[in-house]
Amino acid sequence: MQQKDILIEKFKELFGAAPDCVAFAPGRVNLIGEHTDYNGGHVFPCALPQGTLCAARARSDRTLRFFSLNVPRFGVARTMLDALVPGCGKGWQKYAEGVVWAFRVSGLAMERGADLMFFSDLPAGAGLSSSAALEVSAGLALKTLFGLGLTGPELALLCQKAENSYVGMNCGVMDQFTSAMGREGCALFLDTASLEYEYAPFDRPDVGLVIVNSRVKHSLAASAYNERRRQCEQALADIRSAFETDALCRLTPEQWERYGGAVRDPVCRKRAKHAVYENARTAAALRALKAGDAAAFGRLMNESHVSLRDDYEVSCPELDLLAELAWDTPGVLGARMTGGGFGGSMVALVETAAREDFIRRVGEGYKERTGLEAGFCSAVPAGGARLV
Ligand code: GLA
């Protein structure tokens, strides 16, 4: 039986009737453009085939019920439409509650409750946006149930609002936007300031993407993330005393070299330098992809990792080890940590002919040095959120 059919069967069993709709929203892997999305810069992710299914049914009262097939031991979580308070959400269901809250405070007409049941095949904590997939799948299901007129980008922004204001994670828009707007066979080049985007075909037979899950997730990742944001805001405030700009990533590397000295705190200066150069690398990566230059694309990925490790300081020993093992493997064009950092995954651009050898060498080297079993999967760019 397909996952969707299992979900529908369980829904009927637990909630007593068939769902009105089933929505799917994918996870994402970011190829380059890390920690640029809250600095007004570019990102270059693609949506994955893996993601989250949400089966949903509208209710006639104001009750909300949530259940996840991934954590059935947690049972059914229940709340009321009017009881949602930002910052007070608990458990996995806070992401879905946040979407309901964001819809309602944005003036969308949602005056009845709903039953929502989820299943995800995304590994949690792997840096592949399982929370955005949960939010966007819930958002698409609710939009469908209540006939709300929302475009994909509007849905992404509401889901980001849910995570920022209800959950309390001050993320940028990349994950939700990619989950809502991904396209099969393409990476998504997004300007996070204007939300203009373009799809860049990423479907060569001779090279492919491999995601390597370090299987570590360091605690404090959320607080360190919010701290990086504050450091970037401080750097921007300092820069503005010397140069008029509304976002760090609006600066070219040349402008940075001229005005970056205005950032007084050395740590904030390193953070800002990463943002400026990473944004330039992301634009260069789009040009490399369009020119069919996979080697140049790979070099930019390597530079991105070094900058995230040394200037932004969001990597960790396990991700650095994975990157070094990948860099030492023949047939690897580039490799870098992906996502917010402090654990999670690495993404590598690997020649198809070298893929098996890559998995063996990196897997064995990682196991030998850490005792951990890395997880490998091919990343095939897939479509964004849809009803199934
Ligand atoms: C997390 C956030 C994104 C982005 C990345 C880092 O995935 O949710 O908005 O900031 O980290 O690039």
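Since we're looking at a predicted model, the values are computed, not measured. Order of listing sets the numbers, starting from 1, for every ligand and every atom in it.
For atom 5 (C) of ligand 1, the closest heavy atom belonging to the protein is M174 CE, 3.7 Å.
Considering every non-hydrogen atom in both T79 and E97, the closest pair reads CG2-OE2, 4.1 Å. Nearest heavy atom pair, residue V29 against residue A379, reads CG1-CB, 4.2 Å.
Checking only distances, G172 does come within under 3.5 Å of ligand 1, N or O to N or O. Between E34 and ligand 1, at least one N/O pair is under 3.5 Å apart.
Heavy-atom contacts of Y225 reach the following atoms of ligand 1: 1 (C), 2 (C), 3 (C), 4 (C), 9 (O), 10 (O), 11 (O) (cutoff under 4.0 Å). Residue-ligand proximity, C171 to ligand 1, at heavy-atom distances under 4.0 Å covers atoms 2 (C), 8 (O), 9 (O). For ligand 1 and Y38, the ligand atoms under 4.0 Å from any heavy atom of the residue are 10 (O).
Residue pairs meeting the salt bridge (Lys or Arg N to Asp or Glu O under 4.0 Å) criterion with at least one member in residues 36-51, sequence neighbours excluded, do not occur. Listed by first and then second residue, the ring pair (Phe, Tyr, Trp, His ring centres under 6.0 Å) pairs involving residues 343-388 amount to none (not counting sequence neighbours).
Nearest-heavy-atom check against atom 1 (C) of ligand 1 across T338, L128, D175 picks out D175. When the options T178, D37, V314 are ranked by their closest heavy atom to atom 3 (C) of ligand 1, first place goes to D37.
Taking the charged nitrogens against the carboxylate oxygens, R336 and E303 have no contact shorter than 4.0 Å, which rules out a salt bridge.
Using modelled atom types, one finds a donor on one side chain and an acceptor on the other under 3.5 Å when comparing S315 with D320.
Between F189 and Y199, the ring center distance fails the sub-6.0 Å criterion.
Looking at R28 against ligand 1, only its side chain comes within 4.0 Å, counting heavy atoms.
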